[in-house]
Trainee: 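The structure that follows is given in the form of structure tokens.
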Amino acid sequence: MPATVVIGGQWGDEGKGRVVDYHARHCSIIARYSAGTNAGHTIVNELGKFALHLVPAGIFHGDKTCIIGNGVVIDPDALLAEIAMLCERGVSTARLLISQHAHVIMPWHRLIDRADEALRGELAIGTTGTGTGPAFHDKVARLGIRVADLLDHDTFAWKLKHTLEYKNRLLTALYGLPPLDYQTILREYISHGEQLRPYVADTIAYVQEADARGEMILLEGAQGSLLDLDTGTYPYVTSSVPASVAAGGAIGIGLGPTAIARVVGVYKSYQTRVGNGPMPTEIIEGPAMEMLREGVGGVAGTAEYGTTTGRARRVGWFDGVLARYTARINGVTSVALTRLDSLSAFEHIKVCVAYEVDGRRVNTLPATLTEAQRARPVYEQLPGWRQDVTDVRHLGDLPTHARQYVRRIEQFIGAPVDMISVGPEREQAIVTRDIFGVSL
Ligand code: GDP
Ligand code: IMO
Ligand code: MG
């Protein structure tokens, strides 16, 4: 059976965790394939509200295997805290597997993440400060430490010694920070490794065998396509290798690209972004900004503040130009449109259909920051519905103007909207087609 990838079609936080939690019921494996602790995926279910950074959102379905794949960078401290939190709240992690090939976030990565942002000044990216970026830099620089290394104490001691010599020179000379102590890190990380040992496996072999048996595999993307190193708004992007876009799904879990048969694009009904970088449809002040950020008219308690850092998210109208672009980059076959409820209070809703740059109408975002900042969105205005939609479960029960809005978004993306999310909870959705071929 083919694999399904769930990706974010904007700048992250589209509701991927929520969508994966919904679709997990039809799959036997749910796996993260990219990014690190920078991701923050919110799931709301009968046990309460959860923010997951590393553990796949399938963990709430007791009979599923959840995998943290080879493409992820793992902060052992953060992962152990996440496992402990889940266990305390009654969620079993007995079926969690961690790839031996995944890279490890080390103490210098967190320090460098913050120090580097300060050093960049005007070029700062607004990272999550979790050390994820620097861990990927070391992976690419071939200086990374992998989970397998942690479990082999001799290898770890040797690698740590030489890597730390290198990193301490960087920390002291470039960043003006005190050096890190070898023995302290050695002890701490060996202890982390021993606590994680029961979960560590050859997940590549595991997934390949499951695929050969015909099992359904759900690959949970992190971030969004506009934060991707290659396809995003560079340099205001994340550093994940493999990419968070659908093509990275195969590499980050150890399957061939032909194993991927479906790509679910998760799109928020409007646009949000955390951190710096261009965002043509951003609303920087006024009532519309307040309404979008606070989710006025939608489910209470779901205001737009970062799951990982708590930062207020920048908000703006749906960008049809970028949505079309990311749909094509990912080969989106099905759309999950989230937070439709958050638009319910608006009398009129705008969508961006093109940009104007220096008097010229264009259908792509210019490549440089200065040019992108001059891109003025060309808007089309649609009527709002001004009606609570959080209890709607059938398309026919949605107000006409809400249905028109969904159809308009479908036209930009060029793939059917099969799921409309009207609230953060698992069943708060209108599902019009079951993408796994299971009848509704
Ligand atoms: P992810 O990183 O893509 O998994 O998304 P986040 O969890 O960071 O952010 C999505 C936010 O929207 C979370 O607070 C979710 O609980 C919330 N959410 C998801 N779907 C809906 C929805 O349909 N309506 C509302 N009101 N909130 C939603
Ligand atoms: P999920 O999976 C939103 C953003 C950061 C910053 C840039 C680089 O929850 O959608 P990094 O720490 O990765 O070096 O920061 O990328 N960013 C995210 N924004 N959601 C995410 O993940 C993000 N992961 C990284 O805010 O602008
Ligand atoms: Mg998030």
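Order of listing sets the numbers, starting from 1, for every ligand and every atom in it.
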Trainee: Is the closest N or O pair between L340 and ligand 1 shorter than 3.5 Å?
Mentor: no

Trainee: So which bit of R339 gets within less than 4.0 Å of ligand 1, heavy atoms only: side chain, backbone, both or neither?
Mentor: both

Trainee: Among all protein heavy atoms, pick the one closest to atom 20 (N) of ligand 2 and tell me residue, atom and distance.
Mentor: D13 OD1, 3.1 Å

Trainee: Ring of F50, cation from R89 - is the NZ or CZ under 6.0 Å from the centre and inside 45° of the axis?
Mentor: yes

Trainee: Numbering the atoms of ligand 2 from 1, which are under 4.0 Å from a heavy atom of K16?
Mentor: 1 (P), 2 (O), 10 (O)

Trainee: Nearest heavy atom to atom 22 (O) of ligand 2: which of G12, A35, A39 does it belong to?
Mentor: A39

Trainee: Walk me through it: do I420 and V406 pass the test side-chain contact (heavy atoms from CB on, under 4.5 Å)?
Mentor: CA-CA 8 Å; I420 303 164; V406 174; 4.1 Å; yes

Trainee: Starting from atom 27 (O) of ligand 2, which protein heavy atom do you reach first, and at what distance in Å?
Mentor: V274 O, 3.0 Å

Trainee: For ligand 1, which atoms, with element, lie under 4.0 Å from some heavy atom of T307?
Mentor: 6 (P), 7 (O), 8 (O)

Trainee: Parallel under 30°, tilted from 30 to 60°, perpendicular over 60°: which one fits the rings of H23 and F436?
Mentor: perpendicular

Trainee: Rounded at 0.5 Å granularity, tell me how far CD in Q428 sits from CG in D391.
Mentor: 7.5 Å

Trainee: Could you list the atoms of ligand 1 found under 4.0 angstrom from a heavy atom of H41?
Mentor: 1 (P), 2 (O), 4 (O), 7 (O)

Trainee: Relative to F412, does R408 satisfy both conditions: NZ or CZ under 6.0 angstrom from the six-membered ring centre, and within 45 degrees of the ring's axis?
Mentor: yes

Trainee: Just checking, any donor-acceptor pair under 3.5 angstrom between side chains of R407 and Q404?
Mentor: no

Trainee: Have a look at ligand 2 and work out which part of T307, if any, has a heavy atom under 4.0 Å from it: side chain, backbone, both or neither.
Mentor: neither

Trainee: Which ligand 2 atoms, with their elements, are less than 4.0 angstrom from a heavy-atom of A222?
Mentor: 2 (O)

Trainee: Measure the distances from the heavy atoms of W11 to every atom of ligand 2 and state whether one is below 4.0 angstrom.
Mentor: yes

Trainee: Counting heavy atoms only, which of G275, G126, S244 comes nearest to atom 5 (C) of ligand 2?
Mentor: G126

Trainee: Looking only at N/O atoms, are T302 and ligand 1 under 3.5 Å apart anywhere?
Mentor: yes

Trainee: If you measure from each heavy atom of T132 to ligand 2, is any distance below 4.0 Å?
Mentor: no

Trainee: Report the nearest protein non-hydrogen atom to atom 2 (O) of ligand 1: residue, atom name, distance rounded to 0.1 Å.
Mentor: G40 O, 2.8 Å

Trainee: Only one of W385, W317, Y270 passes ring-ring contact (aromatic ring centres under 6.0 Å, His included) with F346; say which it is.
Mentor: W317

Trainee: Please list the nearest protein heavy atom to atom 23 (O) of ligand 1 with its residue and the distance rounded to 0.1 Å.
Mentor: S421 OG, 2.5 Å

Trainee: Provide the number and element of each atom of ligand 2 under 4.0 Å from a heavy atom of G40.
Mentor: 1 (P), 9 (O)

Trainee: Just how far is it from atom CG of L219 to atom OG of S34, taken to the nearest 0.5 Å?
Mentor: 10.0 Å

Trainee: For ligand 1 and R313, I'd like to know whether there is a polar contact (N/O to N/O, distance under 3.5 Å).
Mentor: yes

Trainee: Is there a heavy atom of R311 sitting under 4.0 angstrom from any atom of ligand 2?
Mentor: yes

Trainee: Would you indicate which of N38, L227, T238 comes nearest to atom 4 (C) of ligand 2 when only heavy atoms are counted?
Mentor: L227

Trainee: Of the options D77, D75, T132, T37, which is the one that meets R110 in a side chain to side chain donor-acceptor pair (under 3.5 Å)?
Mentor: D75

Trainee: Consider ligand 1: state whether an atom of it lies below 4.0 angstrom from any non-hydrogen atom of G423.
Mentor: yes

Trainee: Once you round to the nearest 0.5 Å, how far does CG of L111 lie from CG of L180?
Mentor: 5.5 Å

Trainee: Restricting to N, O or S atoms of D13, which is nearest to the Mg ion (ligand 3)?
Mentor: OD1

Trainee: At what distance, to the nearest 0.5 angstrom, does OG1 of T238 lie from CD1 of I125?
Mentor: 8.5 Å

Trainee: What do you reckon, does R273 put a non-hydrogen atom under 4.0 Å from ligand 2?
Mentor: no

Trainee: Tell me the protein heavy atom at minimum distance from atom 10 (C) of ligand 1, and give that distance in Å.
Mentor: D13 O, 3.7 Å

Trainee: Name the residue from I185, L170, L177 that meets the side-chain contact (heavy atoms from CB on, under 4.5 Å) definition with W108.
Mentor: I185

Trainee: Closer than 4.0 angstrom: is that true for some heavy atom of V237 and an atom of ligand 2?
Mentor: yes

Trainee: Report the part of V422 (side chain from C-beta onward, or backbone N, CA, C, O) that has a heavy atom under 4.0 Å from ligand 1; answer both or neither where that applies.
Mentor: backbone

Trainee: When you measure from atom 24 (N) of ligand 1 to every protein heavy atom, which one gives the shortest distance, and what is it?
Mentor: D341 OD1, 2.7 Å

Trainee: Would you compute the distance between atom OG1 of T127 and atom CG of D113 and round it to the nearest 0.5 angstrom?
Mentor: 3.5 Å

Trainee: Considering only non-hydrogen protein atoms, determine which one is nearest to atom 12 (O) of ligand 2 and report residue, atom name and distance to 0.1 Å.
Mentor: T128 OG1, 2.5 Å

Trainee: Rounded to the nearest 0.5 Å, what separates atom CG in L54 from atom CG in L79?
Mentor: 5.5 Å

Trainee: Is there a donor-acceptor pair under 3.5 Å between the side chain of K139 and the backbone N or O of I145?
Mentor: no

Trainee: Give a yes or no on whether G306 keeps an N, O or S atom under 2.8 Å from the Mg ion (ligand 3).
Mentor: no

Trainee: More than 12 heavy atoms of other residues, nucleotides or ligands under 6.0 Å from OH of Y305: is that the case?
Mentor: yes

Trainee: Looking only at protein heavy atoms, identify the closest one to atom 7 (O) of ligand 1 and say how far it is in Å.
Mentor: T42 OG1, 2.6 Å

Trainee: Students should be able to answer this: which protein heavy-atom is nearest to atom 15 (O) of ligand 2, and at what distance?
Mentor: T127 CA, 3.3 Å

Trainee: What protein heavy atom sits nearest atom 1 (P) of ligand 2, and how far away is it?
Mentor: Q223 N, 3.5 Å

Trainee: With heavy-atom distances below 4.0 Å as the criterion, list the atoms of ligand 1 near G17.
Mentor: 4 (O)

Trainee: Is a donor on one side and an acceptor on the other found under 3.5 Å between the side chain of T307 and the backbone of T42?
Mentor: no

Trainee: Show the numbers, then the answer: is there a side-chain contact (heavy atoms from CB on, under 4.5 Å) between V351 and Y405?
Mentor: CA-CA 9 Å; V351 289; Y405 186 70; 3.6 Å; yes

Trainee: Is Q381 atom CD crowded by more than 12 heavy atoms from other residues, nucleotides or ligands, each under 6.0 Å away?
Mentor: yes

